[in-house]
Amino acid sequence: MRPLTPFAADVLDVVEAIPPARVLSYGDVAELLGAGGPRAVGAVLSRYGGGVPWWRVLRADGTPPPQHAAEALARYRAEGTPLRGDRVDMAQARWDGGAVGTL
DNA sequence: CGTGTGACACGTA
DNA sequence: TTACGTGCCACAC
């Protein structure tokens with residue numbers, strides 16, 4: 001277990017709350033948290049994303065992390081996430097984020 | 001406490 | 001569509 005920063009714990013909390021077939025952009029996660037920015041969220045998932053559905057967090061234009069694109073695409077197909085070619089259809093797959101407050 | 005870095009966002013060409 | 005520049009935030013050194 002690596003030492004988790006408060007911000008990192010918060011980010012992971014939100015990512016775990018994302019329901020199947022739904023996604024959030026890095027910026028959306030930061031906005032739901034009300035703190036940090038997309039860069040910070042990406043950094044957290046890169047370091048501590050091993051225990052959460054990291055594939056449900058991707059870039060605002062729907063492109064999954066290039067280094068894990070194949071893995072992410074497999075997950076999207078398995079969950080039935082709306083795809084548009086090799087990118088996620090953010091217009092449909094974007095999560096409301098309403099359940100974050102119900103933790 | 002300054003500097004570099006990253007699974008980013010966005011405007012412009 | 002890709003490429004480049006700028007702004008952004010947290011963290012390791």
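All values reported here derive from a predicted model rather than from experimental measurement. What's counted below: heavy atoms across the whole structure, side chains too, no hydrogens, waters or symmetry copies. Order of the sequence lines fixes the chain letters, A, B, ..., with proteins taken first and strands second; residue numbering starts at 1 for each chain.
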Would a 4.5 Å heavy-atom cut-off, applied to side chains only, mark A:V57 and A:V23 as touching? no
Donor-acceptor pair, A:Y76 side chain versus A:R56 backbone, under 3.5 Å? no
Given Watson-Crick and G-U pairs under 3.5 Å, DNA chain B in dot-bracket ([ ] crossing, | other strand) is .|||||.||||||
With a 4.0 Å cut-off (strictly under) to non-hydrogen atoms of chain A, the first and last hit nts on DNA chain C, 5' to 3', are C:dG7 to C:dA12
Taking the side chain as C-beta and beyond, is there a heavy-atom pair between A:P19 and A:W95 under 4.5 Å? yes
Checking the side chain of A:R22 only, and the main-chain atoms of A:Q92 only, is there a donor and an acceptor separated by less than 3.5 Å? yes
Shorter than 3.5 Å, N or O on both sides, protein versus nucleotides 3-7 of chain B: list them out with atom names.
| unit_1 | atom_1 | unit_2 | atom_2 | d |
| --- | --- | --- | --- | --- |
| B:dG6 | N9 | A:R39 | NH2 | 2.9 |
| B:dG6 | N7 | A:R39 | NH2 | 2.6 |
| B:dG6 | N2 | A:R39 | O | 3.4 |
| B:dA7 | N6 | A:L45 | O | 3.2 |
| B:dA7 | N3 | A:Y26 | OH | 3.1 |

Exam field: side chain A:Y48 to backbone A:P3, donor-acceptor pair closer than 3.5 Å: yes
Please indicate whether A:E79 has more than 12 foreign heavy atoms, meaning atoms of other residues, nucleotides or ligands, lying under 6.0 Å from its CD. yes
Side-chain heavy atoms of A:E71 within contact of A:W54, under 4.5 Å: yes
Do A:T63 and A:V88 touch side chain to side chain, with heavy atoms closer than 4.5 Å? no
Using the C1' atom as the reference point in each nucleotide, state the distance between C:dC13 and B:dA7 in Å, no decimals. 22 Å
Output yes when A:D28 and A:R94 qualify as a salt bridge under the 4.0 Å nitrogen-oxygen rule, no when they do not. yes
Given side chains that start at C-beta, do those of A:V11 and A:L33 come closer than 4.5 Å, heavy atoms only? yes
